[in-house]
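Okay, structure first, notes after.
Values below: every heavy atom of this structure, side chains too, minus hydrogens, waters and symmetry copies.
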Amino acid sequence: MSANLSAILYLVSGVLFILALRGLSSPETSRQGNLFGIIGMVIAVTVTFLSVGNFSSGFIYVLIFLAIGGSIGAFIAYRIPMTAMPELVAGFHSLVGLAAVFVAISAFINPTAFNLGIPGDIKLASLIEMAIGAAVGAITFSGSVIAFLKLQGIMSGAPITFKGQHLLNALLLISIVILTIYLCSTQSSNLFWILIAVSFLIGFLIIIPIGGADMPVVISMLNSYSGWAAAGIGFTLENTALIITGALVGSSGAILSYIMCKGMNRSFFNVILGGFGATDQTSGSQNKEQRPVKSGNADDAAFLMKNASSVIIVPGYGMAVAQAQHALREMVDTLKKNDIKVSYAIHPVAGRMPGHMNVLLAEANVPYDEVFELEEINNDFANADVAFVIGANDVTNPVAKTDPQSPIYGMPVLDVEKCKSVLFVKRSLSPGYAGIDNDLFYKENTLMLFADAKKMTEDITKNL
Amino acid sequence: MEIDPFIFRLSIFILSIFVGYYVVWSVTPSLHTPLMSVTNAISSVIIVGAIIAALSGSDGVVFSSSSVYGFLAIILAAVNIFGGFLVTQRMLAMYKKKKKDN
């Protein structure tokens with residue numbers, strides 16, 4: 001296949017990837033978008049086979065390895081529970097990162113195959129691109145592994161901080177730049193290996209100080225990194241499909257991180273420097289006076305909801321942990337049978353990744369047109385009878401609007417307290433991730449339901 | 001003076017960032033999780049590099065020091081491609097509109 005024809009076909013596959021993302025602008029077009037993505041991928045892979053044109057025994061092995069990887073991927077995709085999506089995405093990012101590292105290593109060892117020069121005399125531009133691809137890939141890999149371990153609960157979600165952390169990270173980053181410069185002048189393979197090792201270390205170090213609830217930002221950021229790594233490799237291979245895709249994924253992840261940071265009213269650097277929620281806890285508990293709390297049982301909750309004409313559900317990460325989404329939908333079905341209007345309010349950072357709650361509700365067969373974003377629904381709380389908070393905490397805290405001293409001051413929150421009554425399902429009065437007390441617990445119109453989210457929801461349904 | 005082809009690739013790259021910027025802002029927030037899984041799948045187009053690397057072995061030698069990395073990368077990227085697209089499809093199939101008969 002001629003180089004020009006394959007370049008045009010790579011461009012076609014790049015455009016199909018753009019259409020794949022474009023399709024996600026609404027649920028109706030999204031499935032078609034995914035199909036475009038798949039076609040784009042098939043074109044890219046086929047063109048590569050044809051342009052390499054080497055159908056020897058190596059080709060058979062390529063197909064075998066492709067089939068092995070593909071079966072593993074398909075198996076995971078069908079078996080993974082929806083509550084585990086954040087872990088899955090983090091795990092997948094690590095694979096992209098590692099694949100980028102491997103391709104860069106291969107290109108470094110055998111540049112002739114990629115038309116980049118000969119070992120020991122690789123074209124300068126290619127060497128820089130290779131080094132960037134490998135370094136970003138390695139950071140993506142080790143960072144995603146840590147994010148995966150934290151989300152999976154294998155590693156504690158608490159931030160791990162130590163003295164001189166930021167200084168160490170800064171020094172390591174500078175050393176990467178220096179290593180790249182030396183690599184270009186000496187072409188030494190030792191330097192290349194050291195560069196990759198240091199990058200693995202950085203990925204590890206930048207993610208450990210970031211706490212569990214900041215994971216939406218971390219996952220989006222790693223999503224972005226995996227894109228830049230792909231773009232770096234794309235420049236090395238002079239491949240348009242890879243460059244376009246890398247840029248798309250890179251900017252997509254960056255926008256998602258921005259949206260997540262805005263949802264918490266924190267700057268990107270504040271999140272990345274980490275340690276949030278670890279320091280404030282002690283001061284918060286010291287001056288905490290015992291304030292009266294009203295608590296109730298499933299019967300009380302059912303009574304309140306039965307007499308309501310509109311109910312707004314506020315789900316959070318706790319709903320995912322308790323796997324309560326199906327029980328919740330059953331409760332809502334019963335409410336709807338009683339002619340009660342029900343809608344769902346989703347905070348941008350609810351859950352552990354962007355859109356996490358929406359997927360869980362969709363899994364439980366909640367129609368997406370009953371689910372609303374914060375800006376769409378926040379004015380409706382004042383007219384609703386009951387707000388049912390299930391597994392959310394900090395995102396409902398009115399302190400964010402009233403107390404300039406609070407660490408979450410200025411964060412957009414759901415105006416849950418404006419409802420006539422608030423039902424708050426929670427296991428205890430313990431503070432949320434930000435380490436601060438939620439004022440909502442002590443409001444006159446709040447009824448605390450101390451129980452496991454799933455069990456409480458089922459009990460309410462029985463009592464309706 | 002002739003323009004270095006690198007400049008053309010850089011132009012494509014920069015313009016794609018802008019395309020990505022506008023396209024991603026138009027994605028509805030409720031589909032942000034599928035967005036992450038599909039971007040993950042498409043970034044695995046890095047398999048293109050993996051295939052070239054894997055087939056780089058000289059005559060008769062399938063597994064050379066450089067092609068082994070290519071084969072490893074093929075497995076990783078294939079997990080991502082199949083896993084990413086299929087899990088996205090599975091998620092998107094769940095997004096339904098309210099039934100009319102309700």
Within residues 41-48 of chain A, contacts to chain B at heavy-atom distances under 4.5 Å involve A:Met41, A:Ala44, A:Val45, A:Thr48
Scored by heavy-atom pairs under 4.5 Å with chain A, the best of B:Leu72, B:Ile46, B:Leu86 is B:Ile46
Checked B:Leu35, B:Ile12, B:Ile47 vs chain A; the most non-hydrogen pairs under 4.5 Å come from B:Leu35
Note to self: Once you measure the plane-to-plane angle for B:Phe13 and A:Trp228, does it fall in the parallel (<30°), tilted (30-60°) or perpendicular (>60°) bin?
What the structure shows: perpendicular
Nearest heavy-atom contact between B:Leu31 and A:Pro27 is CD1-N, 3.8 Å
Requested in this report: Measure the acute angle between the ring planes of A:Tyr258 and B:Trp25, then classify it against the limits of 30° and 60° as parallel, tilted or perpendicular.
Outcome: perpendicular
Under 4.5 Å to a heavy atom of chain B? For A:Arg79 that would be backbone
Q. Are the side chains of A:Glu238 and B:Pro5 in touch, meaning some heavy atoms are under 4.5 Å apart?
A. no
Hits for ring pair (Phe, Tyr, Trp, His ring centres under 6.0 Å) against A:Phe372, two or more places apart or cross-chain, chain-then-number order -> none
Turns out that what part of A:Leu88 lies under 4.5 Å from chain B's heavy atoms comes down to side chain
Looking at A:Tyr61, I'd like to know if its OH atom is crowded, meaning that more than 12 non-hydrogen atoms belonging to other residues, nucleotides or ligands lie closer than 6.0 Å. no
(Q) Does atom CG (A:Asn115) have a neighbourhood of more than 12 heavy atoms from anything else shown, all under 6.0 Å? (A) no
Assert top hit (heavy-atom pairs under 4.5 Å, partner chain B, pool A:Leu237, A:Asn239, A:Asn223, A:Ile72) equals A:Asn223
request  = Taking atom types as modelled, find out whether A:Ser226 and B:Asn40 have a side-chain donor-acceptor pair closer than 3.5 angstrom.
outcome  = no
Per-residue tally against chain B (heavy atom, under 4.5 Å) across A:Gly227, A:Ala113, A:Gly70 peaks at A:Gly70
- prompt: Less than 4.5 Å apart, any side-chain heavy atom of A:Leu35 and any of B:Gln89?
  reply: no
Heaviest contributor of heavy-atom pairs below 4.5 Å to chain A, chosen from B:Gly49, B:Ser30, B:Ala73, is B:Ser30
Check for a donor-acceptor pair, side chain of A:Asn110 on one end and backbone N or O of B:Ala53 on the other, with a separation under 3.5 Å.
no
Pair count under 4.5 Å, heavy atoms only, with chain A: among B:Val45, B:Ile75, B:Ile81, B:Ile74, highest is B:Val45
The interface call for A:Ile259 against chain B, heavy-atom contacts under 4.5 Å, is side chain
Among A:Ser94, A:Gly250, A:Gly58, A:Ala229, the residue with the most heavy-atom pairs under 4.5 Å to chain B is A:Gly58
Looking at side-chain heavy atoms only, is the closest gap between B:Thr39 and A:Leu248 below 4.5 Å? no
Test side-chain contact (heavy atoms from CB on, under 4.5 Å) on B:Tyr69 and A:Val103; report intermediate values, then the result.
CA-CA 7 Å; B:Tyr69 285 106; A:Val103 174; over 6 Å; no
Q. Distance-only, no hydrogens or angles: does the B:Arg90 side chain make a donor-acceptor pair with backbone N or O of A:Ala77 under 3.5 Å?
A. yes
Any donor-acceptor pair under 3.5 Å from A:Ser30 side chain to B:Leu92 backbone
no
Comparing B:Asp4, B:Ile14, B:Val68, B:Val23 against chain A, the one with the most heavy-atom pairs below 4.5 Å turns out to be B:Val23
Between B:Ser44 and A:Val96 the two heavy atoms that sit nearest each other are OG-CG2, 4.0 Å
Under 4.5 Å to a heavy atom of chain B? For A:Ile233 that would be side chain
For B:Ser26 and A:Arg22, the nearest pair of non-hydrogen atoms, with its separation, is OG-NH1, 3.5 Å
Under 4.5 Å to a heavy atom of chain B? For A:Ala125 that would be neither
Pairwise side-chain contact, A:His356 with B:His32, heavy-atom cut-off 4.5 Å (strictly under):
no
ask   = Does B:Thr28 reach the side chain of A:Ser25, with side-chain heavy atoms less than 4.5 Å apart?
value = no
**Message:** With side-chain contact (heavy atoms from CB on, under 4.5 Å) as the criterion, how do B:Val79 and A:Phe92 come out once you've worked through the C-alpha distance, each side chain's angles and the decisive distance to 0.1 Å?
**Reply:** CA-CA 8 Å; B:Val79 171; A:Phe92 277 175; 4.0 Å; yes
Could you tell me whether the side chain of B:Ser16 and the main chain of A:Ala247 form a donor-acceptor pair under 3.5 Å?
no
Scored by heavy-atom pairs under 4.5 Å with chain A, the best of B:Leu15, B:Val19, B:Val24 is B:Val24
| query | Just wondering, more than 12 heavy atoms not from B:Phe82 lying within 6.0 Å of its CZ? | reply | no
So, the part of A:Glu363 with a heavy atom under 4.5 Å from chain B: the answer is both
Mutual orientation of the aromatic rings belonging to B:Phe6 and A:Phe235 [parallel < 30°, tilted 30-60°, perpendicular > 60°]
tilted
CD1 of B:Ile3: more than 12 outside heavy atoms within 6.0 angstrom? no
Note: vs chain B, highest number of non-hydrogen pairs under 4.5 angstrom among A:Ile18, A:Ile38, A:Thr112 is A:Ile38
Check your understanding: For B:Ser43, does its backbone N or O pair with a side-chain atom of A:Thr245 as donor and acceptor, under 3.5 Å?
Key -> no
Applying a strict 4.5 Å limit to non-hydrogen atoms, the region of B:Val38 in contact with chain A is side chain
Among A:Ile64, A:Val101, A:Val89, A:Leu256, the residue with the most heavy-atom pairs under 4.5 Å to chain B is A:Leu256
Whatever's closer than 4.5 Å to a heavy atom in chain B on A:Val52 counts as side chain
From the list A:Met357, A:Arg31, A:Glu28, the residue making the most non-hydrogen contacts under 4.5 Å with chain B is A:Arg31
